[in-house]
Amino acid sequence: MPPADADAAVDPASTPFSSRDSPTNPRDPGASTDNEETLDLRLTGELLTLYEAATTPRATATHSAGAVPSTDAMPSVGRFSSAGAGAGATPTPMSTATEDLLDHIATWAPVSTPAGALHLAPVRIDRDVPLISRWMNDPAVAEFWELAGPPDVTAKHVRTQLDGDGRSVPCLGVLDGIPMSYWEIYRADLDPLARHYPARPHDTGIHLLIGGAPDRGRGVGGALIRAVSDLVLGNRRSCARVVAEPDLRNTPSISAFLTAGFRFSAEADLPAKRAALMIRERALRHAL
């Protein structure tokens, strides 16, 4: 998980705030959580279309952002296998150029937080990669993101999302006009993570890191996580839950998610880590 800001009671120098999976390891489709919920769910036609399309290798597909590469080339997103698709099943193509799997993040308005006004700005390679790469080379961040190295390493990681089908959108967190955090907003129900917990249609996941050490360890992370999860729930009316899976070793990250109104749901064995599955539900949004 990427480093996110820690609660003030936790020493940020030992474990910074960050939340995401290692981008280098494919997920194990056979793994599962120990405390899964029982879910009797009839999948919508939209979701079945997305799942079926995701099982089909493809060189390109029509999309508003241009050509979409094969999902094999997207290590941080991976391929989601439809449980109901047999070997001879005919997949349904991904839908048209007007579809946006995350409800047009670029149009989301800024949100007020105790730390200032936060705006999510979708990443631009030419403008933003040098700054994000500098953050990724902070040893505290690199421990969890594993993207240290020259800017090309970060550029490749970001580009796989920007060139994809829109199920993961990398963003800068701009606080009072200053870029200070990196976020990935993604469709958890279409991500390999869905193999490791009882996913529901339109579950939306977040990965994040707080870029500068001065912004860690003073409660900023929890405030920003709450604000971003509020943005997701406010702009994605079909989404009932925001999820995250920080590394169990990343105590500041888990603390910040709890402060932000998430609850600990279960531990999950992911290929790169033992994770804490954190969930914030729309129904409890104003209670926690």
Side-chain angles (χ1 to χ4, degrees), residues 1-7 9-10 15 17-22 25 27-43 47 51 76-78 80-81 83 102 144 167-168 183-209 221-234 236-288:
M1 285 314 207
D5 179 41
D7 185 77
V10 183
T15 316
F17 181 76
S18 164
S19 80
R20 89 172 195 92
D21 280 329
S22 166
N25 296 303
R27 301 178 189 266
D28 175 7
S32 62
T33 60
D34 295 332
N35 301 315
E36 289 190 351
E37 304 168 10
T38 300
L39 188 64
D40 182 11
L41 181 67
R42 183 179 300 277
L43 297 180
L47 196 59
Y51 286 175
S76 67
V77 176
F80 188 96
S81 297
L102 285 163
F144 296 101
R167 70 183 64 190
S168 182
W183 302 76
E184 292 172 353
I185 313 299
Y186 68 98
R187 283 287 296 268
D189 59 324
L190 303 180
D191 188 84
L193 175 64
R195 302 186 184 114
H196 300 270
Y197 82 107
R200 298 177 187 174
H202 294 281
D203 276 358
T204 303
I206 58 176
H207 296 148
L208 71 149
L209 67 85
L224 297 188
I225 292 171
R226 179 180 288 273
V228 169
S229 58
D230 279 341
L231 275 174
V232 171
L233 294 172
R236 303 205 66 237
R237 305 307 301 172
S238 54
C239 170
R241 305 191 304 178
V242 182
V243 305
E245 11 77 50
D247 193 305
L248 275 175
R249 300 170 300 156
N250 197 339
T251 305
S253 181
I254 295 171
S255 175
F257 278 104
L258 292 171
T259 299
F262 285 69
R263 64 179 176 84
F264 173 79
S265 177
E267 294 185 11
D269 280 316
L270 305 182
K273 66 184 178 185
R274 181 85 171 160
L277 179 65
M278 312 294 294
I279 296 177
R280 188 179 185 205
E281 300 185 47
R282 180 183 295 278
L284 299 177
R285 178 182 177 185
H286 300 296
L288 297 174

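Just so you know, these numbers use all the heavy atoms, side chains as well, and skip hydrogens, waters and symmetry mates.
Taking R226 as the reference, nothing meets the side chain to side chain donor-acceptor pair (under 3.5 Å) condition, with sequence neighbours excluded. Annotation: side chain to side chain donor-acceptor pair (under 3.5 Å) contacts of R282 (sequence neighbours excluded): none. Among residues two or more places apart in sequence or in another chain, the side-chain contact (heavy atoms from CB on, under 4.5 Å) test is passed with T204 by L102, I185, V232, R236, C239. Residues satisfying the salt bridge (Lys or Arg N to Asp or Glu O under 4.0 Å) test with D230, not counting sequence neighbours, are R280, R285. Looking at residues two or more places apart in sequence or on another chain, you find a side-chain contact (heavy atoms from CB on, under 4.5 Å) between L258 and I254, M278.
In this structure, CG on L193 lies 4.5 Å from OH on Y186, to the nearest 0.5 angstrom. Separation of atoms CD (E184) and CG (L209) is listed at 8.5 Å; rounding is to 0.5 Å. Atoms CD1 and CZ, from I279 and F262 in turn, are 9.5 Å apart once rounded to the nearest 0.5 Å.
Residues D189 and A199 approach most closely at CA-CB, 4.3 Å, considering heavy atoms. Heavy-atom minimum distance, L233 versus R237: O-NH1, 3.4 Å. In plain terms, the two heavy atoms of A188 and A194 that are nearest each other are O-CB, 3.5 Å. When all heavy atoms of I206 and W183 are compared, the closest pair comes out as CD1-CZ3, 4.4 Å.
Of the possible donor and acceptor atoms, one in the side chain of D203 sits under 3.5 Å from a partner among the backbone N and O of R200.
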Item checked: L208 vs F257, side-chain contact (heavy atoms from CB on, under 4.5 Å): CA-CA, chis, key distance, verdict -> CA-CA 11 Å; L208 71 149; F257 278 104; 3.7 Å; yes
Open item on the list: Between F144 and R249, is the side-chain contact (heavy atoms from CB on, under 4.5 Å) condition met? List the steps.
Closed with: CA-CA 10 Å; F144 296 101; R249 300 170 300 156; 3.8 Å; yes
